[in-house]
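Structure, as structure tokens:
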Number of protein chains: 2
Amino acid sequence: MQQEVVLALLAKEPSYGYQLRARLRQALGPLGEAMNDGQVYVTLTRLERAGLVTCESAPGTPDRPDRKVYALTAAGQQRVSDWFAEVSWPKPDLAEFHLKLLAAAAARLADPVAIIDAQRRELLRRLRDAQRAEMAEPAGSDGALLLEGIVLRLQADLRWLEACERSWTHRRAQS
Amino acid sequence: MQQEVVLALLAKEPSYGYQLRARLRQALGPLGEAMNDGQVYVTLTRLERAGLVTCESAPGTPDRPDRKVYALTAAGQQRVSDWFAEVSWPKPDLAEFHLKLLAAAAARLADPVAIIDAQRRELLRRLRDAQRAEMAEPAGSDGALLLEGIVLRLQADLRWLEACERSWTHRRAQS
DNA sequence: CAGCAGCCAGATAACCGTTATCCTCTTGCG
DNA sequence: CGCAAGAGGATAACGGTTATCTGGCTGCTG
């Protein structure tokens, strides 16, 4: 999942860990902060062990410490091509929240409607944050496009929360 | 993430592995098929090791094999209450697709617009499936509510894909 | 110039979720 | 009887996340 991203970056040109991190940050915009820096190195070693990349030590400039330059193998090239050909999409993940509501009602430990309200406030907060971040990005940039997707999804989630609230207030009235 | 769900089920009443699996399946509706059966047992052993549940062997009926009945400890109760009080929401995860487009363009190994088209066809297919599954569920049921959320999200994702396509065709025209 | 903060580059380990596979025991059925 | 299917449970391999550690180099400041 993350491996393919790193492979694709290497498909453009061989590179070393820190440079890959920087390119990833730039491509993700403000969301790049959520990414873990160390994971790039973990991923690279695993890719090397899997035979998808090769590593070559390069002394670099005399003032810089040595770096390990990674490059794709033939198998790595194939993997990148396969990735581009494949369709996939993040899973629902709404299920967890849904189960939370059912469990809260069953255990009588919390009010589902109150949980929904708290969740909506949180999502509204995130929506404001995302919209503000979108405004701060230059129009038409990569980061702005990604943030637009986040905003659309948050809005869809908010509408679902309203449906949840209708359903649960109705159940509460019936019980 | 999954631990809290299992804990909350146990908060309603002590239970054993297979029963928990069945209750989870019922609560998730047709999406329950995507759940891994084995994970329930893995989660239970971890919860026991963490001191959140206790396990007691019960001989059950003479014709049934023995089962291990799990129950919440005081620490487990606390954890469930904390979970109900907490707000969280699944991460974006749009980033992976976004990086795929950038990488495809940079490496010149695939056409971003073609990737977007393929993705949209896939999402449209899933949207149809989800809507059909929603119709098959009894109206107002738990499964139907969850599927409604999936549908709303898919529609939001499709609108984002359209924005992506506009952006990328524009870039292609400029290059 | 000395010293220290801070960044570059990389490594390690713990934890968690996913998947696949294996096991025993029981029930139903031809 | 023999066998498939399901109930109930366990295990191992793999991948992603997070936190933390190490050196070496930069640049600022007193």
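Heavy atoms only: backbone and side chains are in, while hydrogens, waters and symmetry mates are out. These numbers come from a predicted model, not from an experiment. First the proteins, then the strands, lettered A, B, ... as listed; each starts at 1.
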So, is B:Arg49 near the phosphate of C:dC15, with a side-chain N or O under 4.0 Å from OP1 or OP2? no
Ring geometry between A:Trp160 and A:His98 (parallel below 30°, tilted from 30 to 60°, perpendicular above 60°): tilted
Check whether any side-chain N or O of A:Gln3 sits under 4.0 Å from OP1 or OP2 of D:dC14, and answer yes or no. no
Does the side chain of A:Ser167 come under 3.5 Å of the side chain of A:Arg171 through a donor N or O and an acceptor N or O? yes
Hey, are B:Glu162 and B:Arg159 close enough for a salt bridge, meaning a charged N less than 4.0 Å from a carboxylate O? no
Using a 4.0 Å heavy-atom cut-off across all strands, classify A:Val42 as base, sugar-phosphate, or nothing. base
A:Gln39 side-chain proximity, nearest of C:dA20, D:dA10, D:dT18: D:dT18
Whichever of B:Tyr70 and A:Gly38 has its nearest DNA chain D nucleotide further upstream toward 5': B:Tyr70
Grab the CG-C1' distance between A:Leu44 and C:dT12 for me, whole Å please. 15 Å
Look at the side chain of A:Arg46 against the base of D:dG16 and say whether a donor-acceptor pair falls under 3.5 Å; ignore hydrogens and angles. yes
Just the rounded figure in Å: distance from P of D:dG16 to CG of A:Leu24. 13 Å
Nearest nucleotide by nearest heavy atom, which residue falls closer to the 5' end of DNA chain C, B:Thr43 or A:Gly17? A:Gly17
Do B:Asp82 and B:Arg79 sit within salt-bridge range, that is, some charged N less than 4.0 Å from a carboxylate O? no
Figure out the CZ/C1' separation between B:Arg25 and D:dG8, and round it to whole Å. 14 Å
Which is more 5' along DNA chain D, the nucleotide nearest A:Asn36 or the one nearest B:Thr45? Just name the residue. B:Thr45
When the distance from OH of B:Tyr41 to C1' of C:dA20 is rounded to whole Å, what number comes out? 16 Å
Tell me the interatomic distance from B:Leu47, atom CG, to D:dA10, atom C1', rounded to whole angstroms. 16 Å
Could you give the distance from CZ (A:Arg132) to CD (A:Glu137), rounded to the nearest 0.5 Å? 14.0 Å
From CG of A:Asp37 across to C1' of C:dT12 the rounded distance in Å is 16 Å
Examine C:dA9: is either OP1 or OP2 under 4.0 Å from a nitrogen or oxygen in the side chain of A:Gln19? Give yes or no. no
May I have the distance from B:Tyr18 (atom OH) to D:dG8 (atom P), rounded to whole angstrom? 6 Å
Rounded to whole Å, please give me the gap between CD in A:Gln2 and P in D:dG15. 13 Å
